[in-house]
*Asks:* 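One structure, pasted below without further comment.
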Amino acid sequence: MIANSDVALFFGIGTSGLIAAYASRQFSNLGQSTFHIQDPYYPFHLISRQYTNTVAIICSVSGETEIMLRKTGDLKSLGSKIISITNSSTNSLARQSDINLAYHLTPEYVDEEVNVTSQLPAVFLIETLARRNYNYMQQMLNNKL
């Protein structure tokens with residue numbers, strides 16, 4: 001899905017936004033056309049162009065951030081495919097996604113509101129996806145030759 005897209009859009013907020021930025025760079029380093037958006041108020045709802053050959057990879061530990069869910073809905077309405085990387089496969093973002101990759105760690109919080117759940121599984125998933133995507137793109141290129 002990613003290799004066959006025109007562009008992969010990476011989106012996250014807070015720590016997940018930093019992970020999304022890293023993911024965008026990893027995929028770009030391996031030849032995928034990408035961009036990263038960390039601004040939760042990016043006006044997707046004002047865009048008239050369709051994103052039918054775009055894959056949005058959304059990073060969110062909880063998968064329940066209201067603005068993230070709204071922006072994911074905006075991307076879906078533009079025709080984008082949604083891949084989410086979350087800590088649970090049963091959260092709202094996972095249900096809204098075409099594909100969900102969940103890592104199922106025990107959530108950890110500081111002061112009952114700051115989520116400090118490890119992002120190492122998300123980084124592992126991203127690096128694995130980036131390399132598999134690269135290998136797939138190389139196979140497609142070799143088959144055309």
Side-chain angles (χ1 to χ4, degrees), residues 1-138 140-141:
M1 185 186 295
I2 299 167
N4 291 315
S5 69
D6 291 334
V7 67
L9 179 158
F10 291 85
F11 187 42
I13 299 171
T15 305
S16 294
L18 297 170
I19 298 300
Y22 173 75
S24 179
R25 182 55 190 242
Q26 280 294 99
F27 275 82
S28 292
N29 286 346
L30 294 169
Q32 180 70 44
S33 177
T34 72
F35 67 97
H36 162 250
I37 296 175
Q38 191 167 344
D39 179 0
Y41 301 102
Y42 193 87
F44 291 116
H45 65 286
L46 297 176
I47 296 172
S48 60
R49 177 184 174 274
Q50 289 295 295
Y51 278 62
T52 53
N53 204 24
T54 298
V55 174
I57 299 156
I58 314 292
C59 299
S60 174
V61 175
S62 72
E64 297 296 345
T65 307
E66 186 178 324
I67 190 73
M68 179 69 71
L69 296 172
R70 199 169 341 133
K71 295 304 173 182
T72 301
D74 291 344
L75 285 164
K76 281 187 75 93
S77 72
L78 292 169
S80 180
K81 298 286 187 224
I82 306 295
I83 298 173
S84 61
I85 299 174
T86 63
N87 188 38
S88 165
S89 56
T90 59
N91 59 56
S92 299
L93 179 58
R95 288 190 302 272
Q96 201 173 4
S97 303
D98 296 293
I99 297 171
N100 173 254
L101 303 172
Y103 44 92
H104 301 285
L105 293 180
T106 302
E108 294 180 63
Y109 292 89
V110 172
D111 290 336
E112 297 180 21
E113 65 182 48
V114 179
N115 192 327
V116 294
T117 305
S118 177
Q119 294 275 2
L120 284 175
V123 172
F124 173 80
L125 288 169
I126 287 160
E127 291 200 7
T128 301
L129 274 177
R131 283 160 178 74
R132 287 186 181 181
N133 187 66
Y134 173 77
N135 290 336
Y136 181 76
M137 291 188 325
Q138 292 303 304
M140 287 185 347
L141 183 63

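Only this structure's heavy atoms are used, side chains among them; waters, hydrogens and symmetry mates stay out.
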*Asks:* Hey, is the main chain of S92 close enough, under 3.5 Å, to the side chain of E64 for a donor-acceptor pair?
*Replies:* yes
*Asks:* Please check this pair: side chain of K81 against backbone of M1, looking for a donor-acceptor N/O pair closer than 3.5 Å.
*Replies:* no
*Asks:* Run the side chain to side chain contact (heavy atoms under 4.5 Å, CB included) check on K71 and I58 step by step: do they pass?
*Replies:* CA-CA 10 Å; K71 295 304 173 182; I58 314 292; over 6 Å; no
*Asks:* Of all residues at least two apart in sequence or in a different chain, which pass the side-chain contact (heavy atoms from CB on, under 4.5 Å) check with L105?
*Replies:* N87, Y103, T117, S118, P121
*Asks:* Using a 4.5 Å cut-off on heavy atoms from C-beta on, say whether the side chain of I85 contacts that of I19.
*Replies:* no
*Asks:* Closest heavy-atom contact between I67 and P40?
*Replies:* CG1-O, 3.2 Å
*Asks:* Starting at CD of Q26, measure out to OG1 of T128 and round the result to the nearest 0.5 Å.
*Replies:* 10.5 Å
*Asks:* I'd like to check L18 versus Y22 (side-chain heavy atoms, cut-off strictly below 4.5 Å). Are they in contact?
*Replies:* no
*Asks:* Quick one: does H36's side chain have a donor or acceptor within less than 3.5 Å of a partner on G17's backbone?
*Replies:* yes
*Asks:* Spell out, as yes or no, whether a donor-acceptor pair under 3.5 Å connects the side chain of D39 to the backbone of Y41.
*Replies:* yes
*Asks:* Report the relative orientation of the aromatic rings in F27 and F10; use parallel for angles under 30°, tilted for 30 to 60°, perpendicular for over 60°.
*Replies:* tilted
*Asks:* Under the 3.5 angstrom rule, does the side chain of Q32 hit a backbone N or O of A130 as a donor-acceptor pair?
*Replies:* no
*Asks:* Heavy-atom distance under 4.5 Å between the side chains of F44 and L9, does that happen here?
*Replies:* yes
*Asks:* Hey, does M137 have a side-chain heavy atom less than 4.5 Å from the side chain of L30?
*Replies:* no
*Asks:* So, using side-chain contact (heavy atoms from CB on, under 4.5 Å) as the criterion, who are the partners of A102 when residues are at least two apart?
*Replies:* T86, S89, N100, H104
*Asks:* Would you kindly say whether N135 and R131 are connected by a side-chain donor-acceptor distance under 3.5 Å?
*Replies:* no
*Asks:* With rounding to the nearest 0.5 Å, note down the distance linking CG in N91 to OG in S60.
*Replies:* 6.5 Å
*Asks:* Enter the distance from S88:OG to R95:CZ here, rounded to the nearest 0.5 Å.
*Replies:* 8.5 Å
*Asks:* Just one of L93, L101, I99 clears the side-chain contact (heavy atoms from CB on, under 4.5 Å) bar with S97, so which one?
*Replies:* L93
*Asks:* Can you tell me how far the CG atom of N133 sits from the OG1 atom of T34, to the nearest 0.5 Å?
*Replies:* 10.5 Å
*Asks:* Would you mind telling me which of D98, I57, V55, T54 makes a side-chain contact (heavy atoms from CB on, under 4.5 Å) with I82?
*Replies:* D98
*Asks:* For a quick test of reading the model, state the closest non-hydrogen atom pair linking R49 to L78 and the distance between them.
*Replies:* O-CD2, 3.5 Å
*Asks:* Measure the OG-CD1 distance between S24 and I37 for me, rounded to the nearest 0.5 Å.
*Replies:* 9.5 Å
*Asks:* Quick one: does S16's side chain get under 4.5 Å of V61's, heavy atoms only?
*Replies:* yes
*Asks:* Does the structure place the NZ or CZ of R132 under 6.0 Å from the centre of the six-membered ring of Y136, at an angle of no more than 45° from the ring's axis?
*Replies:* no
*Asks:* With a 4.5 Å heavy-atom cut-off, do I47 and Y42 have their side chains touching?
*Replies:* yes
